[in-house]
Amino acid sequence: MQPIQWFPGHMTKALRMMEENVKLCDGFIYVLDARAPFACFNYKLGNLLNGKPTLYLINKSDAVTERDVGLIVSALKAEGKRVLATVGTNAKSGKAVYNSVIDMFKEKIERNLSKGVNKTMRVMVCGIPNTGKSTVINTLCGKKQAMTGDKAGVTKGKQWIKLSGLELLDTPGTMPPSFENQIYAHHLAYIGSINDGALDIQSLALDFIEELSVVYPNALTDRYGVDLSGAPIDVYERICKARGFMLRGGEYDYERCAKCLFDDFRKQRLGKICLETKPIN
Ligand SMILES: Nc1nc2c(ncn2[C@@H]2O[C@H](COP(=O)(O)OP(=O)(O)O)[C@@H](O)[C@H]2O)c(=O)[nH]1
Ligand SMILES: [Mg+2]
């Protein structure tokens, strides 16, 4: 496996940016990608949310099977987490998220009321890139409401979207992905949560082919009509050939093939693929 690296300075900067907003919030909606949910945690930033109530969304649940969603929900619930499987663009999911968030604050709101305090709970949607945070914000509140704030640059304070009984920060809390666990780092690269520009896409494709050949062998054979014998590079070259990704002189166009492979995976053209139904050590 070709290691994926990241600079610690990025982590520190992202952390500093989030810390200020975290302080203003009573709780969080933490968006995970159902295709690699455990990779979506940044264990180094574990303390960031500081024990405040958090609802974990297993978003993009349409991209994996119901059975896998069930396994992920069970694994996270076993860790004592509040979990909900969602499809970010789905209005029904939006309603379910809203209800779960209200439920999450029930005790706190009652405690406040008994002291004569009527305080609106403030929530931030957070998670690593590309998990669907913006989509969830839009579904939760409707685009119209999200845009009703004052113009950027005019207002200095944070923009909050008012929902019934809640206020939602209108900007997502983007957390840096973690690179400690290289299996997770690879999964994040596959699902598109790590900027492709920072990656060696050809060696990534090779690693992806190797993993898929074991866990979802039919995904590659069904889509590209290739057999999986030999080494991952043999399969890679067979896909190049099957797709016509060849350069003049009979060379393989590995780059184009890699892009096509990840595009197919990310758009679910390889079928429903879940890379993690439980934590990987
Ligand atoms: N299949 C699927 N795609 C989704 C879902 N939620 C969001 N997306 C897509 O995932 C991509 C990233 O979403 P975005 O909200 O921009 O992610 P953010 O970077 O976390 O804000 C977009 O192409 C969305 O349309 C979902 O539940 N299912
Ligand atoms: Mg976004």
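Just so you know, these numbers use all the heavy atoms, side chains as well, and skip hydrogens, waters and symmetry mates. Numbering of ligands and ligand atoms starts at 1, following listing order.
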Within the structure, does [X] bring an N/O atom to less than 3.5 angstrom of an N/O atom in ligand 1?
{"X": "P172", "answer": "no"}
{"X": "G132", "answer": "yes"}
{"X": "T89", "answer": "no"}
{"X": "S134", "answer": "yes"}

So which bit of D62 gets within less than 4.0 Å of ligand 1, heavy atoms only: side chain, backbone, both or neither?
side chain

Report, as yes or no, whether the 6.0 Å neighbourhood of atom NZ on K52 holds more than 12 heavy atoms from other residues, nucleotides or ligands.
yes

Could you tell me whether the side chain of R266 and the main chain of Y190 form a donor-acceptor pair under 3.5 Å?
yes

I need the nearest protein heavy-atom contact for [atom]: residue, atom name and distance, please.
{"atom": "atom 27 (O) of ligand 1", "result": "G88 N, 2.7 Å"}
{"atom": "atom 19 (O) of ligand 1", "result": "N130 N, 2.9 Å"}
{"atom": "atom 6 (N) of ligand 1", "result": "N59 ND2, 3.1 Å"}
{"atom": "atom 8 (N) of ligand 1", "result": "K60 CE, 3.8 Å"}
{"atom": "atom 15 (O) of ligand 1", "result": "T135 OG1, 2.5 Å"}

Taking the side chain as C-beta and beyond, is there a heavy-atom pair between [X] and [Y] under 4.5 Å?
{"X": "L220", "Y": "S213", "result": "yes"}
{"X": "T86", "Y": "I58", "result": "no"}
{"X": "R67", "Y": "L71", "result": "yes"}

Can you name the atoms of ligand 1, numbered from 1 with element, that are less than 4.0 Å from a heavy atom of V87?
27 (O)

As an exercise, identify every atom of ligand 1 less than 4.0 angstrom from a heavy atom of Q268.
1 (N)

Would you say the side-chain atoms of H186 and Q2 include a donor-acceptor pair closer than 3.5 Å?
no

Heavy-atom nearest neighbour of atom 20 (O) of ligand 1 within options R35, K267, K133
K133

Aromatic Y30 / basic R82 pairing, under 6.0 angstrom, 45° off normal
no

Less than 6.0 angstrom from the centroid, inside 45 degrees of the normal: does K259 satisfy that with respect to the ring of F208?
no

Heteroatom N/O/S of S134 within less than 2.8 Å of the Mg ion (ligand 2)
yes

Atom 23 (O) of ligand 1 touched by protein (heavy atom, under 4.0 Å)
no

Does the side-chain hydrogen bond (donor to acceptor under 3.5 Å, both in side chains) test come out yes or no for S203 and D200, once each step is laid out?
CA-CA 6 Å; S203 64; D200 174 355; 3.2 Å; yes

Y184-F38 aromatic ring centre distance below 6.0 Å
no

